[in-house]
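Naming: A, B, ... by sequence-line order, numbering from 1 per chain.
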Amino acid sequence: MLSLLKSLPSRNFKLISPIFPLQPWIHQNFSSATGSFQQISQDHENKNNNVNFNFVFHSCRDIGAVKQLHALLVVLGKAQNVVLFTQLVTLYATLGDISLSRNTFEHIQRKNIFTWNSMVSAYVRCGRYRDAMDCVSEFFSISGVRPDFYTFPPVFKACVSVVDGEKMHCWVLKMGFEHDVYVAASLIHMYSRFGSVDVAHRVFDDMPVRDVGSWNAMISAFIQNGNAVGALGILGRMKVEEVKMDMVTVASVLPACAQVNDAVCGMLVHLYVIKHGLESDVFVCNALINMYSKFGRLQDAQRVFDGMKVRDVVSWNSIVAAYEQNDDPVTALGFFKWMQFVGMRPDLLTVVSLASIFVQLSDQKVGRAVHGFVMRRGWLEEDVVIGNALVNMYAKLGSIDCARAVFEQLSRRDVISWNTLITGYAQNGLASEAIDTYNMMGECRTIIPNQGTWVSILPAYSHIGALQQGMKIHGRLIKNCLYLDVFVATCLIDMYGECGRLEDAMSLFYEIPRETSVPWNAIISSLGIHGHGEEALQLFKDMLAEGVKADHITFVSLLSACSHSGLVDEGQWCFDMMQKECGIKPNLKHYGCMVDLYGRAGYLEKAYNLVSNMPVQADASIWGALLAACRIHGNAELGTFASDRLLEVDSENVGYYVLLSNIYANVGKWEGAVKVRSLARDRGLRKTPGWSSVVVGSVVEVFYAGNQTHSQCTEIYKELRMLNAKMKSLGYVPDYSYVLQDVEEDEKEQILTSHSERLAIAFGLISTPPKSPIRIFKNLRVCGDCHNATKYISKITERDIIVRDSNRFHHFKDGICSCGDYW
DNA sequence: GTAGGGTTAG
């Protein structure tokens with residue numbers, strides 16, 4: 001093998017490539033192709049046969065110029081000059097015109113190895129891989145011309161899409177070319193694209209001589225397959241063998257540093273770049289910008305960008321994405337405008353960032369314009385990524401129908417397209433649509449669900465309390481070992497928590513890795529909705545003791561846990577700690593929790609003061625929390641004030657009208673209640689109907705208030721009458737303040753008795769064996785009178801009754817509710 | 001005159 005190697009020419013140097021941009025000295029000699037042509041003609045007339053055509057080839061920057069040159073060469077009688085015409089073949093392809101390239105090739109009568117190699121490479125350059133392979137077969141079948149070192153690297157590039165790689169590899173072995181550094185690098189690259197890093201590694205290990213390009217190819221093979229650790233391992237070996245990094249090494253290794261979150265390594269590489277003067281390379285700078293952006297170090301990213309003398313579209317995309325992904329859409333948009341100002345044309349990935357920018361700016365109108373921009377360029381056909389970005393954009397902007405429409409239009413859908421739509425539905429509160437979409441996805445055999453799928457479907461199941469389906473997914477995850485994935489497991493914790501299986505949520509939590517805040521946030525939130533505020537606080541302390549950093553979501557979970565359990569002082573402590581010790585500025589969600597915490601505990605004035613002194617503008621959720629507190633404590637005055645503010649910011653949400661009318665009704669101001677209701681009616685808003693569901697066996701039964709059509713209607717109402725009588729004998733007094741209609745007392749009692757949660761409970765009682773627990777799911781908050789009644793029912797029937805309403809869990813047992821009547 | 005290995009993403 002070694003003797004074969006010795007017989008090969010030494011070729012570890014790089015030739016000057018004819019690819020643009022041109023070397024500056026050519027510019028100095030010839031300002032344009034036309035200038036070059038004049039020079040040639042002149043030389044020709046002066047009978048100077050030593051014309052250096054290199055200059056001329058280099059000065060052709062568009063197809064028109066190449067055509068002129070082509071014509072000129074014919075006129076000059078050079079039509080049979082294989083050297084010049086082979087160059088034309090390459091030149092046409094470099095400028096993107098493969099048919100002219102082929103045409104020129106056809107007209108060359110005495111094709112030599114250069115000509116064939118150039119044609120193959122021309123096809124590859126234009127992405128015509130199938131044609132490149134056909135050309136190779138043609139090449140092989142012509143006797144007298146044997147492929148050489150130059151033939152294979154482009155061929156392997158073509159193999160990536162044509163899948164003839166192994167056959168070609170055999171050829172290479174047969175001809176003894178496998179140790180050529182160029183050939184081997186393209187082999188490594190090809191195998192890595194096929195996902196066979198092990199084979200790539202074997203090729204790499206078998207190389208008797210490696211140049212820096214070989215190392216680069218191996219590093220890139222690991223990166224392409226998501227193995228950043230492997231890539232950094234190769235970098236380490238390079239260091240041991242004292243191979244110097246070049247700019248390609250740097251550009252490939254920087255994303256690996258970002259992936260393993262190794263800022264120190266990244267900065268050391270940056271130092272190396274400065275020391276060795278590699279900053280002039282655009283790829284290197286782009287990779288630096290991206291790395292710093294992933295570390296959230298925007299100033300460093302910006303400094304690299306500012307220092308660049310030449311910027312390409314990737315540089316601009318990178319700086320736009322850096323700000324966009326670090327939650328600064330305004331600056332990102334500023335860079336986009338600057339990009340346009342300097343005349344840099346946006347590409348597909350620019351638009352992906354733009355879509356996300358307008359989501360963050362909640363700008364529906366410009367979002368549509370982005371969609372139009374994409375349509376006009378036909379990019380929707382070209383790449384799924386952009387289609388998925390648009391689906392995501394519309395879903396996040398709340399236009400789920402538009403998201404669906406874009407999804408329907410996609411010519412190709414991948415697993416991410418489906419995940420995006422499912423997430424869109426789930427996040428817009430349309431759980432059953434999310435589930436339908438997931439089921440439709442299951443029918444597409446070509447789409448294999450991945451981590452993102454589980455993360456999108458599990459919350460939908462949680463939302464409607466579909467424990468059975470959720471557990472089915474858990475089973476599937478155990479089978480493919482994904483249940484230890486932190487994100488998936490967190491969704492499972494949420495699911496168990498929201499479906500009332502707090503113990504299962506807890507045991508899962510202790511099974512999985514918990515170095516990040518993600519699973520902690522989920523378990524704290526689960527404890528919160530079950531009313532275990534003290535335990536939530538204890539877990540928060542455990543979390544800090546284990547050295548896990550709390551984030552803003554942790555505090556949302558924690559504050560809401562405090563508010564559900566009435567832990568005012570503790571909530572106050574968390575709120576202070578968040579700002580002072582963790583340096584987290586409270587956002588609207590945190591303020592919402594605090595208003596809820598103060599408000600529900602009856603500190604309406606404190607709640608109001610907090611709202612008045614907030615550094616941020618209160619939104620509907622803040623005023624809504626205050627309004628809800630006013631309803632609980634019967635404060636019509638502050639309630640009216642809050643609802644006025646509320647309707648200024650959100651006049652569409654009918655729930656707020658209902659709340660206000662409840663407040664008026666509770667204090668006996670029936671005219672006020674009627675006025676609010678008619679206002680809602682006039683604006684065309686309809687009350688979300690309250691419903692409750694109960695699971696009997698594997699069937700979910702749904703009840704609306706006053707339902708008279710259920711097949712077991714008579715039995716249900718009979719059961720309720722019987723219960724009412726027993727409840728009254730134990731001291732139950734109906735609370736008519738929850739009846740909004742202005743009617744007679746006995747009719748009010750009738751209305752209370754037929755609230756949806758009571759119907760569901762009664763149905764549960766007559767359809768399940770004695771002493772078995774009953775689980776109810778209600779889409780709105782449970783009514784105060786029903787809450788009281790359920791306590792009595794749990795005592796009379798000796799049943800555990802678990803009610804999950806839109807806010808939290810109520811576990812009724814032996815006449816007591818787990819919420820301690822604090823709800 | 002012909003060749004390899006590099007940066008951005010939903």
By the 4.0 Å heavy-atom rule, please label [X] as base, sugar-phosphate, or nothing.
{"X": "A/V352", "answer": "sugar-phosphate"}
{"X": "A/V384", "answer": "base"}
{"X": "A/N112", "answer": "base"}
{"X": "A/S293", "answer": "nothing"}
{"X": "A/E324", "answer": "nothing"}
{"X": "A/V284", "answer": "base"}
{"X": "A/V89", "answer": "nothing"}

Out of [options], which nucleotide sits closest to the side chain of [X]?
{"X": "A/S220", "options": "B/dT7, B/dG1, B/dG5", "result": "B/dG5"}
{"X": "A/S118", "options": "B/dT7, B/dT2, B/dG10", "result": "B/dT2"}
{"X": "A/D281", "options": "B/dG4, B/dT2, B/dG6", "result": "B/dG6"}
{"X": "A/M247", "options": "B/dT7, B/dA9, B/dG6", "result": "B/dG6"}
{"X": "A/T86", "options": "B/dG4, B/dT7, B/dG1", "result": "B/dG1"}
{"X": "A/V248", "options": "B/dG4, B/dT7, B/dG6", "result": "B/dG6"}
{"X": "A/V181", "options": "B/dG10, B/dG4, B/dT7", "result": "B/dG4"}
{"X": "A/F283", "options": "B/dG4, B/dG10, B/dG6", "result": "B/dG6"}
{"X": "A/F114", "options": "B/dG1, B/dT7, B/dG5", "result": "B/dG1"}
{"X": "A/D211", "options": "B/dT7, B/dG5, B/dG4", "result": "B/dG4"}

Classify the side chain of A/D414 versus the base of B/dG10 as yes if they form a donor-acceptor pair under 3.5 Å and no if they do not.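 When only heavy-atom distances are counted, A/D414 does reach the base of B/dG10 through a donor-acceptor pair under 3.5 Å.
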Considering only heavy atoms and no angle criterion, is a donor-acceptor pair shorter than 3.5 Å present between the side chain of A/D383 and the base of B/dG10?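 Checked by distance alone, the answer is no.
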Would you find a donor on one side and an acceptor on the other, under 3.5 Å apart, between the side chain of A/R210 and the backbone of A/F204?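 Yes; judged by distance alone, with no hydrogens or angles, the pair exists.
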Listed by chain and number, what are the side-chain hydrogen bond (donor to acceptor under 3.5 Å, both in side chains) partners of [X], not counting sequence neighbours?
{"X": "A/E242", "result": "none"}
{"X": "A/S399", "result": "A/Q364"}
{"X": "A/N286", "result": "A/D312, A/S315"}

Hey, what do you get for CG (A/N225) to CZ (A/F222), rounding to the nearest 0.5 Å?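 The distance works out to 9.0 Å.
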Please say whether more than 12 non-hydrogen atoms of neighbouring residues, nucleotides or ligands are located less than 6.0 Å from CD1 in A/I448.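 No, because the 6.0 Å sphere around CD1 of A/I448 holds 12 heavy atoms or fewer from other groups.
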What do you reckon, is NE2 of A/H276 surrounded by more than 12 foreign heavy atoms closer than 6.0 Å?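 For A/H276, atom NE2 is crowded (more than 12 foreign heavy atoms under 6.0 Å).
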Measure [atom1]/[X] against [atom2]/[N] and give the value in whole Å, please.
{"X": "A/E382", "N": "B/dA9", "atom1": "CD", "atom2": "C1'", "answer": "14 Å"}
{"X": "A/F204", "N": "B/dG5", "atom1": "CZ", "atom2": "P", "answer": "15 Å"}
{"X": "A/L354", "N": "B/dA9", "atom1": "CG", "atom2": "P", "answer": "15 Å"}
{"X": "A/F336", "N": "B/dT8", "atom1": "CZ", "atom2": "P", "answer": "21 Å"}
{"X": "A/Y150", "N": "B/dG1", "atom1": "OH", "atom2": "P", "answer": "10 Å"}
{"X": "A/I386", "N": "B/dA9", "atom1": "CD1", "atom2": "C1'", "answer": "9 Å"}
{"X": "A/N216", "N": "B/dT7", "atom1": "CG", "atom2": "P", "answer": "10 Å"}
{"X": "A/Q360", "N": "B/dG10", "atom1": "CD", "atom2": "P", "answer": "11 Å"}

Salt bridge (Lys or Arg N to Asp or Glu O under 4.0 Å) contacts touching residues 280-297 of chain A (sequence neighbours left out):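 Listed by first then second residue: A/R297-A/D300.
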Mind running a 4.0 Å heavy-atom check of residues 302-318 of chain A against DNA chain B and sending the residues that fall below it, in number order?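 Heavy-atom contacts with DNA chain B come from A/V314, A/N317.
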Output the residues of residues 252-259 of chain A in contact with DNA chain B, where contact means a heavy atom of the residue under 4.0 Å from an atom of the strand; sort by number or write none.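 Only A/S252, A/P255 qualify.
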Output all residues satisfying ring pair (Phe, Tyr, Trp, His ring centres under 6.0 Å) with A/Y92, sequence neighbours left out; order by chain, then residue number.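 Counting only residues at least two positions away or on another chain, A/Y92 forms a ring pair (Phe, Tyr, Trp, His ring centres under 6.0 Å) with A/H70.
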State which residues pass ring pair (Phe, Tyr, Trp, His ring centres under 6.0 Å) with A/Y425; sequence neighbours excluded, sorted by chain then number.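 A/Y425 satisfies ring pair (Phe, Tyr, Trp, His ring centres under 6.0 Å) with no other residue.
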Would you say [X] reaches [N]'s phosphate, i.e. side-chain N/O to OP1/OP2 under 4.0 Å?
{"X": "A/K294", "N": "B/dT7", "value": "no"}
{"X": "A/H189", "N": "B/dG4", "value": "no"}
{"X": "A/S121", "N": "B/dT2", "value": "no"}

For residues 193-203 of chain A, which residue pairs pass the side chain to side chain donor-acceptor pair (under 3.5 Å) check, not counting sequence neighbours?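 Those involving residues 193-203 of chain A are A/H201-A/D205.
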Compute the centroid of each ring, for A/F407 and then for A/W418, and state whether the two points are separated by less than 6.0 Å.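 So the answer is yes for these two rings.
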